[in-house]
*Asks:* 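If you scroll down you'll find the structure; I have some questions about it.
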Amino acid sequence: MEKKITLDEKDMPRQWYNIQADLPEPLPPVINPGTGKPIGPDDLSPIFPMPLIGQEVSQERWVEIPDPIREVYKLWRPTPLIRATRWEQALDTPAKIYYKWEGVSPAGSHKPNTAVAQAFYNKETGQKRLTTETGAGQWGSSLAFACGLFGLECKVYMVRISYEQKPYRKSMMQAWGAHVTPSPSTETKVGRDILERDPESTGSLGIAISEAVEAAVSADDTKYALGSVLNHVLMHQTVIGLETQKQLEIAGDEPDVLIGCVGGGSSFGGFVFPFMRDNIKDGKKTRIVAVEPTACPTLTKGKYVYDFGDAGAMTPLMKMYTLGHNFVPAPIHAGGLRYHGMSPLLCHLYDLKQFEAVAVPQNPVFAAAVSFAKSEGIIAAPEPSHAIKVAMDEALECKQSGESKVIVFNLCGHGHFDMAAYDQYFAGNLPDYEYPEEKIDESLKDLPQIEG
Ligand SMILES: Cc1ncc(COP(=O)(O)O)c(C=O)c1O
């Protein structure tokens with residue numbers, strides 16, 4: 001039996017899969033908060049280049065991946081699908097566990113799959129600079145890497161708590177030529193207003209997004225890049241799921257359950273959409289499970305309503321599960337999962353019951369990650385460790401039931417810059433947060449009033 005199922009470069013996907021073509025019901029429109037009407041391309045053109053706006057609304061099922069992007073992808077793609085044989089033995093489970101290993105990219109996660117595409121289209125349309133936010137530092141470093149390759153300047157607003165927890169993520173971004181500022185900062189009006197209200201603010205993705213958008217709209221030759229949430233971002237990530245399908249076919253296995261973590265939803269969407277298509281179109285019944293932290297329980301405790309994507313209320317309104325745009329999550333170590341909202345595409349599919357969601361606290365997540373590392377060697381980032389935890393629960397259930405299920409999870413990044421978090425876990429200093437209902441209700445009071 002092969003441990004690693006690898007593909008040749010020629011087998012790398014030539015097209016991204018766009019699930020918008022196969023939705024059981026149309027996606028609710030994105031709304032302009034000023035007019036209360038659906039937005040058009042012109043509303044987005046100050047922040048995104050036209051090819052990406054086109055992809056955002058495209059109904060084409062397959063979208064060609066331009067050759068220059070595929071050439072860069074070859075630096076690390078196709079990524080391996082690995083059978084977790086040693087972990088299966090350690091857990092003494094009859095289940096078969098596979099993980100799709102996205103941590104082999106230069107930045108260490110799935111994020112370059114879209115960073116490279118976004119940098120390419122911005123360069124093609126004559127931009128000089130991209131601004132962005134980063135939580136865990138994975139997205140900022142991915143965009144820094146991609147901008148470096150295509151000769152674009154890159155400015156990253158990094159959530160302050162992560163900036164302090166992970167100084168070497170900052171150094172990595174600088175090594176690829178990016179400028180990094182802790183957020184909230186005094187460089188933008190949004191940042192200054194927040195600091196005036198709360199000088200000790202540890203920041204949030206919502207705040208950093210507002211800062212990066214403000215910086216982009218304030219300059220002519222600058223656009224903004226988002227590392228998750230939007231339709232085009234999830235589409236770029238479908239290279240993950242498309243490769244996984246081919247690899248499982250080679251292994252001769254059909255998945256019973258697919259598991260991934262969700263922050264804004266890009267790694268999860270990219271991993272599961274090609275399989276979800278088979279559920280929607282061909283009546284397959286593959287179980288699909290999204291895992292989020294109890295400290296930021298967007299899908300499991302949020303409300304499905306129109307909300308802003310950022311704390312400064314600068315973005316259009318998207319219908320999504322949300323904890324309220326002013327929600328500042330507890331400083332847990334899965335920085336990439338601390339977002340108040342979620343990809344509208346995923347939220348729509350969740351509302352249509354195309355997948356399940358569970359929330360888990362961080363201590364059992366780290367315990368599962370350590371168990372996995374001891375068998376398979378890979379030290380996972382705290383974000384995908386949420387998927388490891390639920391994969392482990394499934395495998396242990398199989399041990400009880402004697403079932404030999406095929407469990408496949410997305411291991412979307414390594415944790416080499418997260419060792420301070422592991423240290424705190426080993427020292428027993430990691431608090432578990434359950435976000436209280438009253439606080440969610442309080443934060444949801446500020447929701448914009450939109451029909452539907
Ligand atoms: C390794 C890793 N996994 C997951 C995420 C969550 O983002 P998304 O839900 O878009 O995949 C992040 C975000 O920073 C991340 O760095």
Side-chain angles (χ1 to χ4, degrees), residues 79 99-115 118 132-145 156-159 161-163 165-166 169 172-173 203-206 208-209 225-241 259-273 289-293 295-296 298-299 309 320-321 329 332-347 350 355 357 365 369 378-389 409-418 421:
T79 63
Y99 53 98
K100 179 66 169 164
W101 181 213
E102 287 293 305
V104 290
S105 79
S109 77
H110 64 292
K111 298 277 180 182
N113 296 332
T114 183
Q118 293 192 46
T132 198
E133 73 294 330
T134 195
Q138 289 271 19
W139 166 243
S141 33
S142 302
L143 195 69
F145 154 70
V156 183
Y157 292 88
M158 186 170 188
V159 176
I161 181 80
S162 301
Y163 186 89
Q165 281 170 348
K166 300 193 198 180
R169 272 280 165 201
M172 199 175 186
M173 291 183 247
S204 70
L205 276 173
I209 292 173
L226 186 61
S228 189
V229 179
L230 299 177
N231 303 341
H232 65 270
V233 179
L234 273 69
M235 184 185 79
H236 297 154
Q237 294 294 354
T238 56
V239 288
I240 305 173
I259 302 167
C261 66
V262 279
S266 72
S267 54
F268 182 75
F271 175 53
V272 306
F273 280 172
V289 185
V291 193
E292 58 186 15
C296 190
T298 316
L299 287 172
M320 57 184 178
Y321 283 85
I332 54 161
H333 280 282
L337 306 187
R338 296 172 74 238
Y339 181 59
H340 69 275
M342 180 67 63
S343 145
L345 201 43
L346 271 182
C347 292
Y350 184 59
F355 67 94
V365 162
I378 293 169
I379 297 175
E383 292 85 0
S385 298
H386 286 68
I388 296 181
K389 158 72 182 146
F409 72 90
N410 189 10
L411 185 47
C412 59
H414 69 61
H416 299 176
F417 294 88
D418 298 283

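Side chains are part of it too, since the values below use all heavy atoms of this structure and drop only hydrogens, waters and symmetry mates. Counting convention: from 1, in listed order, for ligands and their atoms alike.
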*Asks:* Taking Leu226 as the fixed residue, which of Leu143, Ile209, Thr114 is the one that meets the side chain to side chain contact (heavy atoms under 4.5 Å, CB included) rule?
*Replies:*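 It is Ile209; the other options fail the test.
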*Asks:* What's the shortest distance from atom 12 (C) of ligand 1 to any protein heavy atom, and which residue and atom give it?
*Replies:*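 I find the closest protein heavy atom is Lys111 CE, 3.6 Å.
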*Asks:* Under a 4.0 angstrom heavy-atom cut-off, which atoms of ligand 1 come close to Ser228?
*Replies:*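 Going through ligand 1 atom by atom, the ones under 4.0 Å from Ser228 are 8 (P), 10 (O).
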*Asks:* Answer with yes or no whether Gly265 contacts ligand 1, where contact means a heavy atom under 4.0 Å from a ligand atom.
*Replies:*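 True for this residue.
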*Asks:* Is a side-chain donor or acceptor of Tyr339 paired with a backbone partner of Gly309 at a separation under 3.5 angstrom?
*Replies:* yes
*Asks:* What part of Val233 sits under 4.0 Å from ligand 1 if we count only heavy atoms: the side chain, the backbone, both or neither?
*Replies:* neither
*Asks:* Does Asn410 reach the main-chain N or O of Ser267 with its side chain, forming a donor-acceptor pair under 3.5 Å?
*Replies:* yes
*Asks:* Taking all non-hydrogen atoms of both residues into account, name the closest pair between Cys347 and Leu299 and its distance.
*Replies:* SG-CD2, 4.4 Å
*Asks:* What residues form a salt bridge (charged side-chain N to carboxylate O under 4.0 Å, His left out) with Glu383, not counting sequence neighbours?
*Replies:* none
*Asks:* What residues, two or more places apart in sequence or in another chain, satisfy ring-ring contact (aromatic ring centres under 6.0 Å, His included) together with Tyr99?
*Replies:*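 Expected list: Phe372, Phe409.
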*Asks:* Can you tell me how the ring of Phe355 sits relative to the ring of Tyr350, calling it parallel under 30°, perpendicular over 60° and tilted otherwise?
*Replies:*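 Judged by the thresholds at 30° and 60°, the geometry between Phe355 and Tyr350 is tilted.
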*Asks:* State the atoms of ligand 1, each with its element, that fall below the 4.0 Å cut-off from a heavy-atom position in His110.
*Replies:*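 Checking each atom against His110, I get 2 (C), 3 (N), 4 (C), 11 (O).
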*Asks:* Would you say ligand 1 has an N or O under 3.5 Å from any N or O of Pro384?
*Replies:*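 No; the residue has no nitrogen or oxygen that sits under 3.5 Å from a nitrogen or oxygen of the ligand.
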*Asks:* Which ligand 1 atoms are under 4.0 Å away from a heavy-atom of Cys261?
*Replies:*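 Near Cys261, meaning under 4.0 Å from one of its heavy atoms, ligand 1 has 4 (C).
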*Asks:* Please identify which atoms of ligand 1 are closer than 4.0 Å to at least one heavy atom of Leu337.
*Replies:*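 Matching atoms, with element in brackets: 6 (C).
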*Asks:* Give me the residue, atom name and distance of the protein heavy atom closest to atom 6 (C) of ligand 1.
*Replies:*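 Going atom by atom, the protein heavy atom closest to atom 6 (C) of ligand 1 ends up being Gly336 O, 3.4 Å.
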*Asks:* I'd like to know if the side chain of Thr79 reaches the main chain of Glu102, judged simply by a donor and an acceptor atom lying under 3.5 Å from each other, with no hydrogens or angles considered.
*Replies:*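 It does not hold such a pair.
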*Asks:* Using only atom types and a distance under 3.5 Å, with no angle test, would you say the side chain of Ser162 pairs donor to acceptor with the backbone of Gly135?
*Replies:*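 Checking the backbone N and O of Gly135 against the side chain of Ser162, a donor-acceptor pair under 3.5 Å is found.
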*Asks:* Taking only heavy atoms of Ser266 into account, list the atoms of ligand 1 that are under 4.0 Å away from them.
*Replies:*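 Listed by number with element, the hits are 8 (P), 9 (O), 10 (O), 11 (O).
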*Asks:* Tell me the protein heavy atom at minimum distance from atom 3 (N) of ligand 1, and give that distance in Å.
*Replies:* Cys412 SG, 3.1 Å
*Asks:* So which protein heavy atom does atom 4 (C) of ligand 1 come closest to, and at what separation?
*Replies:*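 Atom 4 (C) of ligand 1 sits closest to the protein heavy atom Glu383 CB, 3.6 Å.
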*Asks:* In the protein, what heavy atom is nearest to atom 11 (O) of ligand 1, and what distance, to one decimal place, separates them?
*Replies:*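 Of every protein heavy atom, Ser267 OG, 2.7 Å lies nearest to atom 11 (O) of ligand 1.
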